[in-house]
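Have a look at the structure below before the remarks.
Just so it is clear, the model here is predicted, and its values are computed rather than measured.
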Amino acid sequence: ANIVIAETDIGTASDINGYYIIPLVEPGSYILKVMMIGYAVSDNNILVENNHIRLDIELTPQLIDVDEVKVSAERMRFERKVDISRVNITNRDIRRAPAFVEADLFRTLQLLPSVSSSNDFNAALIVRGGSPDENLILLDGTEIYNPYHIGGVFSTFNADMISDSEFLAGGFPANYGGRLSSVLNITAREGDSKNGRLSENNPIKKYWDFSKGSGNISLLSSKFLAEGALYNGSWMISGRRTYFDQFTKLYYKYKNEPEPASYYFWDTHIKLKTALNQNNQLIYSQFSGKDDLFMSIGGEDFPGIDFAWDWGNSTKNISWRYIPNSNYLITTRLSKTKYNFNVDFEMDFNPDSVSSDTSDVIALNEESSDLSFFLDNLVEDIDLNQSIKYILSDHVSFESGWQIKTLKLDYREIFAEQEVTNINSKPQIISTFVNVTLNPIPIIYYNIGFRLSKFNRYDNLILNPKMGIKYNPISDLALKASYGRYSQFLYTINQEEELLRIVDFWQPIPEDKKPQEADHFIIGAEYWISTGNTISLETYYKSYSSIYDLNPKPDYTDIQNTFALSGTAKAYGIEFLYRMNRKKLNGWLSYAYSNIKRTVDLNSDGIIWDEKEIYPAKYDKPHSFNALLSYQINKKYSLGLTTVFSSGQTYTPVIGKVHQTGVESYGSIENPYTNFGNIYGIRNGSRYPNYFRIDISLSTKSNLFGLDSEWKFQIINLTNNYNVLLYLWNHTASPSKVQAYSMFPRIFTFGWEFKI
């Protein structure tokens, strides 16, 4: 919200938690105005007498004509904050974008100029050429390690429970650490503490009340959200589950046949808030999500195969917010994150000897199988941190804090009941940070800080300096520059060519090796046209002095320290973003140019081979254009449109074929050379054709069964453009033939949303 003292130039904007400070106000009588789009203006008479005044205000929702909007907290941010490469995505932004089946935060972020995706089936964020594991994903301050459902097609975050998402594509301040590319800080909704529905005579009302609820049914899933008042606070709970598995179960039960496969996912989120007294608040947040896949194939004359795979995240977070007086705020947070995936694989060479219904089997029985394989990966993170924000004056503010992060990483493989791989480690990261914001003269703001970290697997202290400057030559123009060094102590072992990012196998940097490190140099300009209408232009250069890439030939006697090879990389680009709010038309247009090169000694011979070991990154897409537009036709109907045009993704071309002579490739003893293998050209030396896709949606409001409802109809890939996913070569043909496979075809989806 925007908070100003009437008839003065004194004011500020509250943070996402609603906290604000206006320092050093001269004694006198004032009117404090609080304003936010969609809420009635609150006028508050205050008397300042050389003392601290605390004023808690709750705004009343109010429908307004867009033409009458004159104030916004974004203006205060534009004028006073030294932030660069930052975009805030609200729940409204996510919901108005056409989506594959349902609204998704990651898919909306992929429409920003600094973000791209590898393909339609992967929601992983590629930020300025960095790999997906270089992004710090926080939910209410707690780190999420594998934020994907359905093998990466969707993010794990239910859009209905999101209040605000702050996305920093680079140059992020020192209070964030442990990642090289970006920060996505998601804040979940707090419940509606007013508008309770219990009667005033109900004794429970003082401690708990129900305010409202909503639901959504789509082709993919059903979800709900409920909220209300808690003792001196609020509560919110949301949940989501897919139901295709229930349809297939009914189908095969009707046919009286075993169910060959089953898949579903679910997730829930709970947030509780209470005020112990005027100066102390407690907030508890909990998230759980899981994917579960089971398949049973084979039988009769073929071996029977049972395959079970499940993965998921769970978090628990308790935050204590202490506000002793109006000058500073202390936040202490304890959180625990657990990410786990496991695979059970069994093969029975005589499946007909035992007849059983496997439709409900999830835990497999290794003792009854002829061949079994089990894989388990665990990431457990316990994080204790504290931060203090102190505003000395209107020209000087200070923020500092510390963090202790203790992890447990386990990876096991059991083949034929014998453990063949066991990798485990317990990394610990201790860090502290300082940020100082200075405003020596009205048109210049500085932000200077550093983050100091100690990683228990590396002897040296890691110092990451950060600095930024903002200069306002005129009131509506902000010129910005930023430099920062960033370090990362964990990385994921993922094949560069993977199409789906089903799971992330996290590992610490090898013992005594330098952590991954990158320097960010960013220069930008932002022009304020009017409320909700801004233009920004940024250019960046990222120099990776240390990265890790998957080792094609690891030493299996020392697998933990030879999984990856170190290298370097460089990325640079320029980005344009126009955010618009033109009466009934809202959204943004963006364009980006980028170039990303990696240098890795893949064969470990100490010599860099230009054609094979200096190569474009898999995610290198030089040109991209994105548009997200929403048009309010009238009070009942609204249209949404997204357009994406980009360069094709890189791939390593096949330039020939060769007879394979390895034992695994023999066609037969009599003719061992019947199989052909690929001869590859320059690594990532070719590109797929340009990518183009248009999605549209139509939303209509109605009243169904007495419920306020909204129907949304969507068409994905309206023009049915053939966007190439991959090429597969058939060398048995003469000459060899290549087959292209596409991403999403034209898809029609719909959903129904209702409120209680």
Legend entry - Glu259/Lys253 salt bridge by N-O under 4.0 Å criterion: no
Legend entry - Salt bridge Asp695-Arg693, side-chain N to carboxylate O under 4.0 Å: yes
Legend entry - Partners passing side chain to side chain donor-acceptor pair (under 3.5 Å) against Tyr591 (at least two apart in sequence or in another chain): His623
Inset, instruction - Indicate yes or no: does Asp708 engage Lys755 in a salt bridge with an N to O separation below 4.0 Å. - result: no
Legend entry - Tyr691 side chain near Val644 side chain, heavy-atom distance below 4.5 Å: yes
Inset, instruction - Verify the distance criterion only: is there a donor paired with an acceptor across the side chains of Ser238 and Asp160 at less than 3.5 Å? - result: no
Legend entry - Arg241 to Tyr264, cation-pi by 6.0 Å centre distance and 45° axis angle: yes
Inset, instruction - Using salt bridge (Lys or Arg N to Asp or Glu O under 4.0 Å) as the criterion, list what pairs up with Lys271, not counting sequence neighbours. - result: Asp140
Inset, instruction - Taking the side chain as every heavy atom from C-beta outward, state whether Arg189 and Ile162 have any atom pair closer than 4.5 Å. - result: no
Inset, instruction - Evaluate the side-chain proximity of Leu225 to Met161: yes if any heavy-atom separation is below 4.5 Å, no if none is. - result: yes
Legend entry - Asn88-Arg86 side chain donor-acceptor pair, cut-off 3.5 Å: yes
Inset, instruction - Run the ring-centre check on Phe645 versus Phe625 and record whether the distance is less than 6.0 Å. - result: no
Legend entry - Pairing of Glu190 and Lys273 as salt bridge, 4.0 angstrom limit: yes
Legend entry - Shortest non-hydrogen contact from Ser165 toward Leu184: CB-CD1, 4.1 Å
Legend entry - By ring pair (Phe, Tyr, Trp, His ring centres under 6.0 Å) - contacts of Phe265 (at least two apart): His149
Inset, instruction - Would you check if there is a donor-acceptor pair between the side chains of Ser709 and Trp752 at a distance under 3.5 Å? - result: yes
Inset, instruction - Taking the side chain as every heavy atom from C-beta outward, state whether Tyr722 and Pro689 have any atom pair closer than 4.5 Å. - result: no
Inset, instruction - Would you check, one step at a time, whether the test salt bridge (Lys or Arg N to Asp or Glu O under 4.0 Å) holds for Glu753 with Arg95? - result: CA-CA 11 Å; Glu753 181 177 325; Arg95 289 164 54 84; 2.9 Å; yes
Inset, instruction - Answer yes or no: is there an ion pair linking Glu143 with Arg179, defined by an N-O contact shorter than 4.0 Å? - result: yes
